Amino acid sequence: MKVCKGDIVRSQNGRDKGKSLFVAEVDGEFLVLVDGKSRKVEHPKRKKEKHCMFLVREDSRVAEKLRSGERVNNSDIRKALAAFRNNAQAGQTETGEVE
């Protein structure tokens, strides 16, 4: 599946291994990732797509803002990721791999 802006991915390599992050931009083979805490909107993480695993195409307000290019707050990103993690723990999401 092709990763797009607003999707949630999990880092598979590096210091942030296992973290869930929002895709803020797609730049060729690189993804620009934010989590609102260690990787803020002002200083996102640039990571190769092959080092991330696609988790879900998110339909939250934060994902819509990222897709449309609107300004997003770090606190909104943190809240959306926390809600995603809570839903994942309840078994309501499916995981897949990045192609």
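All values derive from a computational prediction rather than experimental measurement. These numbers come from the heavy atoms of this one structure, side chains and all, not from hydrogens, waters or symmetry mates.
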Undergrad: Quick one: does Asp7's side chain get under 4.5 Å of Val56's, heavy atoms only?
TA: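 No, their side chains stay 4.5 Å or more apart.
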Undergrad: Report the C-alpha distance between Ser38 and Arg15 in whole Å, list the side-chain angles of each, state the deciding distance to 0.1 Å, and finish with yes or no for side-chain contact (heavy atoms from CB on, under 4.5 Å).
TA: CA-CA 11 Å; Ser38 61; Arg15 293 181 186 181; over 6 Å; no
Undergrad: Looking at Lys79, I'd like to know if its NZ atom is crowded, meaning that more than 12 non-hydrogen atoms belonging to other residues, nucleotides or ligands lie closer than 6.0 Å.
TA: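 12 or below, so no.
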Undergrad: Using 0.5 Å steps for rounding, measure from the CD1 atom of Ile77 to the NZ atom of Lys65.
TA: 9.5 Å
Undergrad: Looking at every heavy atom in both Ala80 and Val62, which two are closest together, and how far apart are they?
TA: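 Taking Ala80 first and Val62 second, the nearest heavy atoms are CB-CG2, 3.9 Å.
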Undergrad: Do the side chains of Cys52 and Leu33 get nearer than 4.5 Å, heavy atoms only?
TA: yes
Undergrad: Show, in sequence, the C-alpha distance, side-chain angles and deciding distance for Ser11 and Lys45, and conclude whether the side-chain hydrogen bond (donor to acceptor under 3.5 Å, both in side chains) test is met.
TA: CA-CA 11 Å; Ser11 174; Lys45 172 70 177 167; over 6 Å; no
Undergrad: How far apart are the closest heavy atoms of Ala63 and Phe22, and which atoms are they?
TA: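 Answer, listing the atom of Ala63 first, then Phe22: CB-CE2, 4.2 Å.
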Undergrad: How far apart are the closest heavy atoms of Cys4 and Arg57, and which atoms are they?
TA: SG-NH2, 3.5 Å
Undergrad: Does Ser20 reach the side chain of Leu55, with side-chain heavy atoms less than 4.5 Å apart?
TA: yes
Undergrad: Does Glu29 have any side chain to side chain contact (heavy atoms under 4.5 Å, CB included) partners at least two apart in sequence or in another chain, and if so, which?
TA: Lys48
Undergrad: Let me confirm one number: the CG-CD distance from Leu66 to Glu25, rounded to the nearest 0.5 Å.
TA: 8.5 Å
Undergrad: Any chance you could measure Leu81, atom CG, to Leu21, atom CG, to the nearest 0.5 Å?
TA: 7.0 Å
Undergrad: Under a 4.5 Å side-chain heavy-atom rule over Ile, Leu, Val, Met, Phe, Trp and Tyr, are Met53 and Ile8 clustered together?
TA: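 Yes, same cluster.
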Undergrad: Could you tell me whether Arg67 and Glu64 make a salt bridge, using a distance below 4.0 angstrom between a side-chain N and a carboxylate O?
TA: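 Salt bridge: yes.
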Undergrad: List the residues meeting side chain to side chain contact (heavy atoms under 4.5 Å, CB included) with Asn74, not counting sequence neighbours, and say none if there are none.
TA: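 By the side chain to side chain contact (heavy atoms under 4.5 Å, CB included) rule, Asn74 matches Lys40, Val41, Glu42, Arg78.
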Undergrad: Any chance you could lay out the side-chain contact (heavy atoms from CB on, under 4.5 Å) test for Glu70 and Arg61, step after step, and finish with the verdict?
TA: CA-CA 11 Å; Glu70 292 180 48; Arg61 179 69 184 133; 3.4 Å; yes
Undergrad: Using the side chain to side chain contact (heavy atoms under 4.5 Å, CB included) criterion, which residues pair with Arg46? Sequence neighbours excluded.
TA: Asp27, Phe30
Undergrad: Answer yes or no: is there a side-chain heavy-atom contact under 4.5 Å between Lys47 and Asp16?
TA: yes
Undergrad: Keeping Asp35 on the side-chain end and Lys37 on the backbone end, is there a donor-acceptor pair under 3.5 Å?
TA: yes
